[in-house]
Amino acid sequence: MRIDWADGQMPVLRSIRERFAREKPLDGLTVGLCLHITSETGVLVRALKAGGADVVLAASNPYATQHDVAAALRDSADVHAGPPEAWAEDVASVAARAPRIVLDDGADLLSALHAVPQLLEGMLGGTEETTTGLARLRAMNLTVPVFAVNEARAEKALNDRFGTGQSVMDGILRTTNILLAGQTVVVLGYGWTGRGVALAAHGLGATVIVCEVDPLRALEARMEGFAVMPALDAAARGDVFITVTGGQDVLRGEHFAVMKDGAVLANAGHFDVEISLPDLREAAVSVRDVLPLVQQYDLGGRRLNLLAGGRVVNLAAAEGHPAAVMDVSFALQALAAEALARGSFEPGVHQVPDAIEREVAALKLAALGVEIDELTPEQAAYRSLTSPPLGR
Ligand SMILES: NC(=O)c1ccc[n+]([C@@H]2O[C@H](COP(=O)([O-])OP(=O)(O)OC[C@H]3O[C@@H](n4cnc5c(N)ncnc54)[C@H](O)[C@@H]3O)[C@@H](O)[C@H]2O)c1
């Protein structure tokens with residue numbers, strides 16, 4: 001049922017599945033997946049199966065496995081989803097099937113395969129979904145091509161910006177049920193993700209302040225209509241603080257010391273080190289749980305409310321990215337798998353080919369019922385001129 005619901009939200013992957021069913025680009029190939037086992041991954045498995053693949057699957061994070069989905073997928077795929085303590089064995093079981101194509105999230109499966117070189121014989125390549133995984137792959141001696149799905153423009157524009165932006169608000173609202181309209185929201189970090197968070201907070205009626213350390217990004221934030229200032233100045237003004245930098249101690253003792261009574265602290269960065277918990281504990285005279293996932297630190301008359309223990313708020317307090325966003329990520333994965341099956345690429349990390357990005361964007365627009373113009377032949381010829389005339 002859960003997979004069917006996700007399927008309804010994933011029209012891009014559905015249209016790829018329909019084409020795959022006709023063309024069978026993955027016919028006879030074993031495709032190994034090491035991804036979060038969720039309903040959206042179930043929809044990806046359906047597309048790969050329609051393309052003729054033999055799918056073998058383990059969880060990239062066993063704690064995030066939806067076990068009803070794993071059970072439902074056992075009819076159509078070779079699923080290794082045991083308890084967390086058996087996770088390494090599960091990944092090894094997928095590697096032992098010597099998949100020809102690998103779709104990875106954290107580089108655990110590709111690393112396991114590289115540890116046993118004979119398993120790599122005949123391998124066509126893989127894809128990687130995360131920044132962390134790409135860093136690991138770039139640091140090792142890769143003997144197969146891998147597409148950096150995480151770095152695709154479509155992924156950044158839709159997944160990081162809109163998926164994270166909306167789901168971070170969802171996490172904050174579920175835990176606190178505050179009205180964001182009229183509040184001052186401070187967003188620390190204005191990368192792809194922070195930009196989405198700022199946009200979503202603005203869309204809900206909040207006044208948004210952005211704090212940055214990169215002058216170009218700070219300038220962009222200012223030109224896009226947000227107030228920009230140092231974190232210490234923003235600390236005294238904000239009602240809600242959201243860290244999303246990938247760094248550590250972005251909010252720390254000096255900031256807590258000037259925050260207003262009742263301020264809400266949330267982190268949307270990957271690790272729970274962006275809000276300094278040691279500083280918060282040190283400053284507090286007492287701590288209590290005021291709501292599920294809301295801890296209140298009393299700083300001697302001023303109370304600061306920490307959400308989800310400083311863990312990534314859209315995953316710890318909400319459901320992460322909506323299926324419609326994963327639709328784009330997994331469409332990139334499915335088309336990258338097809339490219340690996342049809343073409344031949346040098347070993348190493350590659351950017352997702354532009355043609356794939358365009359196909360995904362075009363399918364998404366079609367799913368939204370949006371049509372756009374095409375260049376006329378004359379316009380296309382003009383654009384291809386190396387030295388266009390200065391005027392008519
Ligand atoms: N919650 C989610 O679902 C989700 C989704 C995607 C990424 N992330 C995480 O969010 C974090 C940011 O990702 P991104 O892709 O936007 O990264 P990014 O590198 O594009 O942007 C981070 C920004 O933070 C700024 N920054 C760094 N230290 C700072 C500081 N002390 N104060 C203010 N600004 C600072 C940087 O200058 C940069 O502009 C990472 O940890 C990433 O893993 C979370």
Side-chain angles (χ1 to χ4, degrees), residues 36 38 40 60-61 64 105-107 128-136 148-172 174-175 185-201 208-224 226-235 238 241-255 265-276 279 307-326 328-329:
H36 293 292
T38 61
E40 293 85 11
S60 54
N61 177 347
D105 182 315
E128 171 52 48
E129 177 76 26
T130 66
T131 311
T132 314
L134 285 171
R136 286 177 74 186
V149 171
N150 181 57
E151 292 173 1
R153 271 184 304 149
E155 170 90 359
K156 295 227 167 276
L158 287 150
N159 190 326
D160 292 358
R161 202 182 323 167
F162 298 105
T164 313
Q166 177 175 299
S167 59
V168 164
M169 293 307 127
D170 186 13
I172 293 172
R174 278 190 207 204
T175 42
V185 172
V186 179
V187 179
L188 299 111
Y190 199 69
W192 285 98
T193 321
R195 177 172 297 191
V197 171
L199 205 59
V208 177
I209 298 175
V210 169
C211 304
E212 249 300 341
V213 292
D214 177 326
L216 193 55
R217 288 207 159 146
L219 182 60
E220 281 182 294
R222 171 65 194 232
M223 302 301 255
E224 282 164 13
F226 300 116
V228 177
M229 64 185 74
L232 202 50
D233 295 343
F241 294 82
I242 305 166
T243 53
V244 61
T245 68
Q248 69 169 11
D249 299 337
V250 181
L251 288 178
R252 49 188 183 272
E254 59 184 312
H255 305 110
L265 311 177
N267 168 49
H270 194 74
F271 294 112
D272 62 356
V273 296
E274 301 213 12
I275 299 171
S276 172
D279 282 8
L307 306 193
R311 297 190 306 281
V312 55
V313 72
N314 56 332
L315 293 170
E319 292 179 37
H321 293 146
V325 169
M326 295 316 295
V328 169
S329 302

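Computed from a predicted model, the values in this text were never measured in an experiment. When a residue number appears, it is its place in the shown sequence, counting from 1. All ligand and atom numbering here is 1-based and tracks the order in the structure.
Partners of R222 according to the salt bridge (charged side-chain N to carboxylate O under 4.0 Å, His left out) rule, which considers only residues two or more places apart in sequence or in another chain, do not exist here.
Residue contacts with ligand 1 do not include T131, since none of its heavy atoms lies under 4.0 Å from the ligand. Using a non-hydrogen distance threshold of 4.0 Å, H321 registers as a contact of ligand 1. Contact analysis leaves G247 out of contact with ligand 1, as no non-hydrogen atom separation drops below 4.0 angstrom.
Contacts of V312 with ligand 1, taken as heavy-atom pairs under 4.0 Å, involve the side chain alone. Contact annotation: for E212 versus ligand 1, heavy atoms closer than 4.0 Å belong to both the backbone and the side chain. Residue contacts with ligand 1, taken as heavy atom pairs separated by less than 4.0 Å, involve T193 via backbone and side-chain atoms alike. In D160, the part holding a heavy atom less than 4.0 Å from any atom of ligand 1 is the side chain. If you look at N314 next to ligand 1, the close heavy atoms, those under 4.0 Å, all belong to the side chain.
Ranking the protein heavy atoms by distance from atom 21 (O) of ligand 1 puts G191 CA, 3.2 Å first.
Within the 4.5 Å cutoff, the side chain of V250 has no heavy atoms near those of the V273 side chain.
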Please tabulate, for the side chains in residues 189-198, all donor-acceptor contacts under 3.5 angstrom to protein atoms that are two or more places apart in sequence or on a different chain.
from : atom 1 : to   : atom 2 : distance (Å)
Y190 : OH     : E224 : OE1    : 2.5
R195 : NH2    : E220 : OE1    : 3.1
R195 : NH2    : E220 : OE2    : 3.1

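Within the 4.0 Å cut-off (strictly below), a protein heavy atom is located near atom 15 (O) of ligand 1.
Closest approach of G253 to D279, counting heavy atoms only: N-OD2, 2.8 Å.
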